[in-house]
Q: 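I am attaching a structure below and will ask some questions about it afterwards.
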Amino acid sequence: MTSSRPLYWRPMPALPRFASALNLSVPAARPGEFRPLVLGPLSVWPPVVLAPMAGVTNYPFRSLCRAFGAGLYVSEMITARGFLEGNARTQLLASSRPDERPRSVQIYGSDPEVVREMARRLAGEGVHHVDINFGCPAPKITRHGGGSAIPVKPRLMARLVGAAVRGAGGVPVTVKVRKGIHDGLLTYLDAGRVAEAEGAAAIGLHARTAAQLYAGDADWSAIAALKAAVRIPVLGNGDVWECWDALRMLRATGCDGVIVGRGCLRRPWLFAELAAVFGGREPAPEPRLGAIAAIMRDHAERLMAFFGAARGIRQMRKWCLWYTSGFRGAAQLRADLIRIESLDEMLRLLARLDPDEPFPPGALRQSRSKGAHTQEVRLPDGYLAARDDDSPPPLEDVAGWDAALAGG
């Protein structure tokens with residue numbers, strides 16, 4: 001596998017814009033309107049970051065996205081303790097290939113010494129960027145005081161960020177947070193000040209609370225407020241479904257870059273579109289189903305080469321549903337696609353569909369991986385009464401934490 005543009009990707013002259021009503025009149029970037037995202041020695045253009053997503057942003061998917069356009073492509077979340085203890089799965093997910101430059105890894109940890117050693121180890125392996133996750137809303141994590149609960153205790157967050165910065169040496173360290181626990185307990189502005197004071201190279205904000213999960217609209221005004229509050233670069237995350245959304249976010253908030261999550265799950269070519277609009281050009285038309293089937297084959301082959309044939313094709317099952325959702329006849333194939341055991345079986349099923357069918361307009365802003373429900377965030381008993389405490393939360397169930405994180 002190489003990072004060159006896939007052979008099946010044949011950009012055509014732009015037709016009338018294929019976009020939601022929200023984005024029909026958004027202009028492409030003007031010359032010099034935006035600058036590269038600078039993270040220590042790294043300069044990222046366009047200023048676009050692939051969001052770390054559990055079970056998604058492994059090396060095969062990162063390499064596929066990178067083939068379409070430049071940016072910073074972050075690994076799925078890696079538990080620091082599991083990595084240091086030699087967990088084979090964790091180390092595989094943290095691994096890379098020589099063609100991946102820059103190499104970016106997101107880590108999760110709640111003990112400063114463990115986080116410091118993890119950052120030191122990654123820097124020694126040649127990783128170019130380390131991100132720390134302080135936004136995980138999983139109940140198994142927050143009820144022990146981890147994940148999105150950590151910014152509730154600024155002194156603990158400071159210890160963790162400072163430890164990672166010291167461990168990483170000259171490798172830039174960034175942090176990712178949510179707005180807070182819920183609308184009555186917002187922590188993102190304090191988190192930004194902590195990140196800046198402890199030497200973080202940037203802060204990313206998913207502009208929803210932990211209670212929101214992925215429901216409702218992202219609050220871009222919070223991204224603007226964070227940008228006004230700190231001097232380090234701010235990355236905005238939330239509701240970047242189309243390339244035009246990225247431009248609107250930067251223009252509306254003044255942030256320094258965008259983090260792309262669910263919008264690329266069935267559209268890795270979104271990164272080609274982002275490269276186009278940041279370069280002042282209209283993007284190519286959306287691929288038809290036949291071209292998407294070729295992308296699916298490429299994706300499956302990358303997964304099989306990385307994880308092994310059997311495990312790789314099993315991982316491809318969810319991708320089959322995401323890629324084909326909304327196309328005529330795809331619903332009748334769902335039961336078979338979710339059970340594929342080989343690449344040939346996948347291709348035979350896809351051959352039943354019309355390769356000339358255009359991409360469905362209604363799928364541009366369709367959530368593919370998370371529901372629209374909210375939650376009541378679980379915190380340890382007495383947690384809010386001890387917000388000045390900087391001691392790490394107890395690890396009662398390391399395996400449970402790893403399982404919760406792996407589930408996204």
Side-chain angles (χ1 to χ4, degrees), residues 2-5 28-52 57 59 61-75 96-107 119 122-133 161 164-176 192 195-196 198-205 223 226-227 230-237 240 243 245-251 253-261 264 268 270-281 283:
T2 69
S3 59
S4 60
R5 184 62 54 84
R30 302 182 303 274
E33 181 180 5
F34 302 112
R35 294 179 295 179
L37 170 64
V38 176
L39 304 174
L42 297 179
S43 179
V44 180
W45 181 260
V48 172
V49 178
L50 171 65
T57 55
Y59 171 76
F61 186 61
R62 298 196 307 270
S63 68
L64 179 63
C65 292
R66 188 185 298 273
F68 285 103
L72 186 64
Y73 296 91
V74 188
S75 78
S96 180
R97 295 292 184 268
D99 66 340
E100 187 169 34
R101 296 184 66 86
R103 180 181 168 199
S104 175
V105 175
Q106 187 186 66
I107 64 175
L122 290 173
E125 290 184 3
V127 168
H128 305 100
H129 165 241
V130 174
D131 186 58
I132 314 175
N133 184 293
V161 176
V165 170
R166 290 190 297 274
V171 172
V173 173
T174 61
V175 302
K176 183 142 184 273
E196 182 175 63
E198 295 299 326
I203 181 169
L205 174 62
I223 300 170
L226 181 58
K227 176 61 182 173
V230 300
R231 290 168 295 177
I232 58 175
V234 171
L235 309 178
N237 181 203
V240 178
C243 58
D245 296 328
L247 300 185
R248 287 195 302 108
M249 178 187 282
L250 264 66
R251 288 166 177 156
T253 68
C255 68
D256 302 277
V258 297
I259 299 174
V260 179
C264 69
L270 176 59
F271 292 98
E273 298 175 355
L274 286 160
V277 298
F278 274 100
R281 307 181 305 277

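These numbers come from the heavy atoms of this one structure, side chains and all, not from hydrogens, waters or symmetry mates. Note that this is a predicted model, so its numbers are computed, not measured.
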Q: Where do K227 and D256 land on the side chain to side chain contact (heavy atoms under 4.5 Å, CB included) test, with the steps shown first?
A: CA-CA 9 Å; K227 176 61 182 173; D256 302 277; 2.9 Å; yes
Q: Is the shortest heavy-atom distance from the side chain of I223 to the side chain of V234 under 4.5 Å?
A: yes
Q: Go through the structure and list residues passing salt bridge (charged side-chain N to carboxylate O under 4.0 Å, His left out) with R281, not counting sequence neighbours.
A: none
Q: Looking at every heavy atom in both L72 and P102, which two are closest together, and how far apart are they?
A: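 The answer is CD1-CG, 3.7 Å.
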Q: Once you round to the nearest 0.5 Å, how far does CZ of F61 lie from OG of S75?
A: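 One finds 13.5 Å between CZ of F61 and OG of S75.
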Q: Please report the shortest heavy-atom distance between F278 and A246, naming the atom on each side.
A: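 Heavy-atom minimum between the residues: CE1-CB, 4.1 Å.
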Q: Please find the pair of heavy atoms, one from A51 and one from G261, that lie closest to each other, and give the distance.
A: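 That would be CB-CA, 3.8 Å.
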Q: Hey, is the main chain of R231 close enough, under 3.5 Å, to the side chain of E196 for a donor-acceptor pair?
A: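 Indeed, once roles are kept as given, a pair shorter than 3.5 Å links the two residues.
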Q: Of all heavy-atom pairs between N237 and I259, which one has the smallest distance, and what is that distance?
A: ND2-O, 3.2 Å
Q: Please find the pair of heavy atoms, one from G192 and one from I203, that lie closest to each other, and give the distance.
A: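 Scanning both residues, the minimum pair turns out to be CA-CD1, 3.6 Å.
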Q: Would you indicate whether R251, at its atom CZ, is surrounded by more than 12 heavy atoms from other residues, nucleotides or ligands within a distance under 6.0 Å?
A: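 Yes, because the 6.0 Å sphere around CZ of R251 holds more than 12 heavy atoms from other groups.
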Q: Could you point out which residue of L39, V74, V127, V130 forms a side-chain contact (heavy atoms from CB on, under 4.5 Å) with S104?
A: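 The single option meeting the side-chain contact (heavy atoms from CB on, under 4.5 Å) with S104 is V74.
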Q: Could you pull out all donor-acceptor pairs under 3.5 Å where a side-chain atom in residues 40-50 meets a protein atom, sequence neighbours excluded?
A:
none

Q: Can you confirm whether P233 sits close enough to V38 that some side-chain heavy atom of one is under 4.5 Å from a side-chain heavy atom of the other?
A: no
Q: Can you measure from SG (C264) to OH (Y73) and round to the nearest 0.5 angstrom?
A: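 Taking SG in C264 and OH in Y73, the distance rounds to 9.0 Å.
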Q: Going through the checks in order, is the side chain to side chain contact (heavy atoms under 4.5 Å, CB included) test met by Y59 and R103?
A: CA-CA 10 Å; Y59 171 76; R103 180 181 168 199; over 6 Å; no
Q: Go through L270 and C243 one step at a time and tell me if the side chain to side chain contact (heavy atoms under 4.5 Å, CB included) criterion holds.
A: CA-CA 7 Å; L270 176 59; C243 58; 4.2 Å; yes
Q: Check for a donor-acceptor pair, side chain of R62 on one end and backbone N or O of T57 on the other, with a separation under 3.5 Å.
A: yes
Q: Between G257 and L250, which heavy-atom pair has the shortest distance, and what is it?
A: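 Where G257 meets L250 most closely, the heavy atoms are C-CD1, 4.1 Å.
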Q: In sequence, state the C-alpha distance, the side-chain angles, and the governing distance for H129 and T174, and then conclude on side chain to side chain contact (heavy atoms under 4.5 Å, CB included).
A: CA-CA 8 Å; H129 165 241; T174 61; 2.8 Å; yes
Q: How long is the span from the CD atom in E198 to the CZ atom in R166, to the nearest 0.5 Å?
A: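 Rounded to the nearest 0.5 Å, the CD-CZ separation comes to 7.5 Å.
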Q: Are L274 and V260 side-chain neighbours, meaning at least one heavy-atom pair lies under 4.5 Å?
A: yes
